[in-house]
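Labels below follow one simple rule: chain letters A, B, ... track the order of the sequence lines, proteins then strands, and each chain is numbered from 1.
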Number of protein chains: 4
Amino acid sequence: MSRGRIDKRRAILDAAFTVFAREGYHQACVKEIAAEAGVAKPTVYNHLGDKEGLFREAMAAAADRALAESLSAIEALTGEGDVRATLEDVGHRLLRCQGGERAWALRRLLYAEIHRVPELFDTVHGRGANRLGEALANRLARLSLGGGLRAADPDVAAGQFLALLTGPMETRSRLGTRPVAEAELRAGARAAVDTFLRAFGPVSAEGQPSGDR
Amino acid sequence: MSRGRIDKRRAILDAAFTVFAREGYHQACVKEIAAEAGVAKPTVYNHLGDKEGLFREAMAAAADRALAESLSAIEALTGEGDVRATLEDVGHRLLRCQGGERAWALRRLLYAEIHRVPELFDTVHGRGANRLGEALANRLARLSLGGGLRAADPDVAAGQFLALLTGPMETRSRLGTRPVAEAELRAGARAAVDTFLRAFGPVSAEGQPSGDR
Amino acid sequence: MSRGRIDKRRAILDAAFTVFAREGYHQACVKEIAAEAGVAKPTVYNHLGDKEGLFREAMAAAADRALAESLSAIEALTGEGDVRATLEDVGHRLLRCQGGERAWALRRLLYAEIHRVPELFDTVHGRGANRLGEALANRLARLSLGGGLRAADPDVAAGQFLALLTGPMETRSRLGTRPVAEAELRAGARAAVDTFLRAFGPVSAEGQPSGDR
Amino acid sequence: MSRGRIDKRRAILDAAFTVFAREGYHQACVKEIAAEAGVAKPTVYNHLGDKEGLFREAMAAAADRALAESLSAIEALTGEGDVRATLEDVGHRLLRCQGGERAWALRRLLYAEIHRVPELFDTVHGRGANRLGEALANRLARLSLGGGLRAADPDVAAGQFLALLTGPMETRSRLGTRPVAEAELRAGARAAVDTFLRAFGPVSAEGQPSGDR
DNA sequence: AATGAATGAGGGTTCATTCAT
DNA sequence: CATGAATGAACCCTCATTCAT
């Protein structure tokens, strides 16, 4: 059947994202993408139309992957176990997702082209941060019901959790330009969770930040 | 003397940033910048070298301006007056700075070209967010000493305050693509300050979010 | 048997001429021809070699058809009946042939590609205007012998008759770009025959143009 | 001043027509035109926009030239001198104009692209055959008044004169593909004038075709 | 015999940059 | 110094043509 066709399409999209990530949309040339995918230039056009379409699809595919990773990262956020430890673990995993090279590339490309291609926002955030935010809000809501968190608007709390987590990392990683050590990720997660729990933690947990370091 | 020369240079840089902001670095063409500045193309080259230099200088100038605005926004953050009201006011002013069209353009351009021009990070953040972060940290430290805030690492607190402030706004403004109503800015500032004070507010202020609305 | 093969070949040639007529040789793309014929691209190549051959064959087929129409149009030119009326009728029929959409397309394509493909002249005129000219000359010769026309070189007379007929129509139809009303065709035929008979008509017919209108 | 600019524009247009005449519109590539003009490709674009505009302007310029030649050819058509001799001379000159290489190229290009660029008809005929037809009609009208011709609609007579002149030549020159000997041109002009005068000549001239050869 | 997929070659157009005035 | 004009280098895209199925 057209199994091969789909595979090739996937290969081209992967190659495209790789090159777009490395060069940016305008600097990237289709020839290079084709070379990266190991096909001839017209094959790219046959499969994905013009450069614009190639870009959109590559972005969508990358966003899908990034979302899947992030969603899987917050699956550990059940009501069971120590709240602080769980949040730190989830935070750490999220930072690893969002701090990955491809995730940063996705975000940079999004910022770079959002003005020219406004739909890109939904393409990426609809499948990425927002869907992630909603999923996280759901988890936090259940945690609140279970007494693990002080009651609050779960959407706001989710947004703020993500902001506390990723915001300070932007500077640390120089916008994803510099690799961030594992320890720094951990520290970042802990700092975010500290503050988050001071604001939203259960009364009982107040004043007991994670013990060591 | 060279007064006119400097003026023309300034005019070209302004025009350049306007066009870069509108089109992005690669899409922007020197011809258009020259037209926007009201001069001929070679004049641009005489004054600022090549397109690359033009971009760097334009970014630096725009970053300087943005920093000045933000610094002036946090000047209200003295120890005097109600902490919550002051923070909300400052937060609101900051959001107006950072949410302005040129500020978003600056950020988008930074994201877009950071990979190709790494120095851009310092050019912008050295004069922008970081210097802002430090200044904010200083203010917060003095607030802590004055008892207006619970003791904490001022750098961390400053970073988190900015994150709580701007993070959730990214989605709301669709990365600066959509104008955000004044009321939304106020609400955003309040939400950030609420959480910030729950985490870092003085014990006395605990549990007393801004009364109305 | 190969009945189906021939049919498909014919279908492809028809489609080819249609597309060539619409787009011109260079603008027409094989893909479109294949689509018009309802087959896949390689099928076209299997049946007719490359684009060049496709073009030649399509032109030849179209020329054959056009010739057949024109030849049938002059069949009415027997010695019987009124000379003027007969000539006008034949002239009118010829104008309808030569003024048809496909005939104009044929001529335009001939003009367009004659320089690149000189044989095209014989392909088209050998089967078209020239063979038509000869046939017409034969008819006129018999008319002369029968006294219906003043004696003259039949080849010259035939050529001039066709020239008087079609020449002025070129401007009227804007080179086949504009449809010409039936009445205009009639008037054109009458004007041509008027002059033709003034020059070649029998002495008896002198000065008696077609009576009405 | 911009004298040089105009000169270069003229040079480019000349080169363009030369190449278009040689290759046809679609086969001609801008690179070759630029080479023929001795400039770089972008210079062509600076002066004349895209290929389409280049074509239109080149056609208009060529048509202007062709018209000037033809108009000058019929200037000899005054009432003085022998009618037959004068007409033959004018006819011969016209055939030399219309049978020239550039004139044929102009016509072929016109036929080739008329469907895609309908305005071309006016561009060429408005300045060419039609304006020529009108001018010729004027001359013939004065000839009629002077008794040199039998009275007739001058527009019709002019059109038919041109048709008798050029129509039979199309086949002889294989659509301008083959050079036509001077003697053939003379013979063509004589044949046309013979018939024309038989139809429109003064009664006195009837039956006295040009004596020798 | 017919097709989906792939490719090599080539063309129009734009742009950053440099002379000559 | 400012400018009009010129250029070399790229890049996107299309198309005629050929395999493998």
Side-chain angles (χ1 to χ4, degrees), chain A residues 1-2 4-5 7-9 12 26-34 37-54, chain B residues 2 4-5 8 12 25-34 37-47 49-55, chain C residues 2 4-5 8-9 12 25-34 37-47 49-55, chain D residues 1-2 4-5 7-9 12 23 25-34 37-55:
Chain A
M1 204 194 300
S2 63
R5 184 157 182 86
D7 285 354
K8 186 154 289 187
R9 184 189 157 96
I12 291 175
H26 291 278
Q27 192 114 328
C29 79
V30 177
K31 184 178 177 182
E32 196 178 353
I33 293 174
V39 299
K41 227 189 319 178
T43 304
V44 174
Y45 284 90
N46 280 342
H47 281 260
L48 286 144
D50 57 3
K51 192 186 181 184
E52 191 63 33
L54 183 54
Chain B
S2 64
R5 183 154 183 86
K8 186 157 288 188
I12 292 175
Y25 176 77
H26 290 277
Q27 194 115 325
C29 75
V30 178
K31 183 178 177 181
E32 197 178 354
I33 293 174
V39 300
K41 234 188 312 179
T43 304
V44 173
Y45 283 88
N46 280 341
H47 281 258
D50 57 5
K51 191 185 183 186
E52 191 64 33
L54 184 55
F55 179 61
Chain C
S2 64
R5 183 153 183 86
K8 185 156 289 187
R9 185 189 156 95
I12 292 175
Y25 176 76
H26 290 277
Q27 194 117 324
C29 75
V30 177
K31 184 178 176 182
E32 196 178 355
I33 293 174
V39 300
K41 234 189 313 179
T43 305
V44 174
Y45 283 88
N46 280 340
H47 281 259
D50 57 6
K51 191 185 182 185
E52 190 64 32
L54 184 55
F55 180 61
Chain D
M1 205 195 298
S2 63
R5 183 155 184 88
D7 285 354
K8 186 154 288 185
R9 185 189 157 96
I12 292 175
E23 314 267 0
Y25 176 76
H26 290 279
Q27 193 114 327
C29 79
V30 178
K31 184 179 175 181
E32 196 178 352
I33 293 175
V39 300
K41 228 188 322 176
T43 303
V44 174
Y45 283 89
N46 279 343
H47 281 259
L48 286 145
D50 57 4
K51 192 185 180 185
E52 191 63 33
L54 183 55
F55 180 62

Check your understanding: Which residue lies toward the 5' end of DNA chain E, A40(C) or Y25(B), if each is placed at its nearest nucleotide?
Key -> A40(C)
Review point. Nearest heavy-atom pair of V44(B) and A34(B): which atoms, and what distance?
Key: CG2-CB, 3.9 Å
Review point. What is the distance from CG of D7(D) to C1' of dA6(F), rounded to the nearest Å?
Key: 16 Å
Check your understanding: Tell me: CG of N46(A) to P of dT3(E), nearest whole Å?
Key -> 17 Å
Review point. If you check every side-chain atom of V39(A), which of dA9(F), dA2(F), dT7(E) has the closest atom?
Key: dT7(E)
Review point. Rounded to whole angstroms, how far apart are CG on L54(C) and P on dC15(F)?
Key: 15 Å
Exercise for review: Might you point out which heavy atoms bring Y45(D) and D50(D) nearest each other, and give the distance in Å?
Suggested key: CE2-CA, 3.8 Å
**Study point:** Short side-chain N/O contact to dA5(F) OP1/OP2 from T43(D), under 4.0 Å
**Key:** no
Check your understanding: Is there a Watson-Crick or G-U wobble partner for dT21(F) with both distances under 3.5 Å, and which nucleotide is it?
Key -> dA2(E)
**Study point:** Donor-acceptor contact below 3.5 Å, side chain K51(B) vs main chain Y25(B)
**Key:** yes
Exercise for review: Give the rounded distance in Å between these two atoms: CD of E52(B) and P of dC15(E).
Suggested key: 18 Å
Review point. Looking at E23(D) and E32(D), what are the two nearest heavy atoms and their distance?
Key: OE2-OE2, 3.2 Å
Point to revise | dA6(F) phosphate, OP1 or OP2, under 4.0 Å from H47(D) side-chain N/O | key: yes
Point to revise | Any K8(D) side-chain N or O less than 4.0 Å from OP1/OP2 of dA6(F) | key: yes
**Study point:** Side chain of C29(A) - closest among dG8(E), dC12(F), dG4(F)
**Key:** dC12(F)
Study note, to complete from the structure: One should read off an interatomic distance between L54(C) CG and E52(C) CD, to the nearest 0.5 angstrom, of 9.5 Å
**Study point:** 5'-most by nearest nucleotide on DNA chain F - Y45(C) or Q27(A)
**Key:** Q27(A)
Exercise for review: Using heavy atoms to find the nearest nucleotide of DNA chain F for V30(C) and K41(D) separately, return the residue whose nucleotide is more 5′.
Suggested key: K41(D)
Review point. In terms of side-chain heavy atoms of D50(C), which of dT18(E), dT17(F), dA16(E) is nearest?
Key: dT17(F)
Check your understanding: Which nucleotide, in any strand shown, forms a Watson-Crick or G-U wobble pair with dA10(F), with both distances under 3.5 Å?
Key -> dT13(E)
Point to revise | Minimum-distance nucleotide (side-chain atoms of P42(B) versus dA2(F), dG8(F), dC19(E)) | key: dC19(E)
Revision key, fill the gap. Taken to the nearest whole Å, CD/E32(B) to C1'/dA16(E) is 14 Å
Exercise for review: Check the distance between dC13(F)'s P and L48(A)'s CG and give it to me in whole angstrom.
Suggested key: 12 Å
Exercise for review: Would you classify A34(C) as touching base, sugar-phosphate or nothing, given that sugar-phosphate means primed atoms plus P, OP1 and OP2, and contacts are heavy atoms under 4.0 Å?
Suggested key: nothing
Practice item. Round to a whole Å and report the spacing from NZ of K31(C) to C1' of dT18(F). Key: 16 Å
Check your understanding: What is the distance from NE2 of H26(A) to C1' of dT14(E), rounded to the nearest Å?
Key -> 14 Å
Review point. Hey, are the side chains of T43(C) and K8(C) touching, using non-hydrogen atoms and a 4.5 Å cut-off?
Key: yes
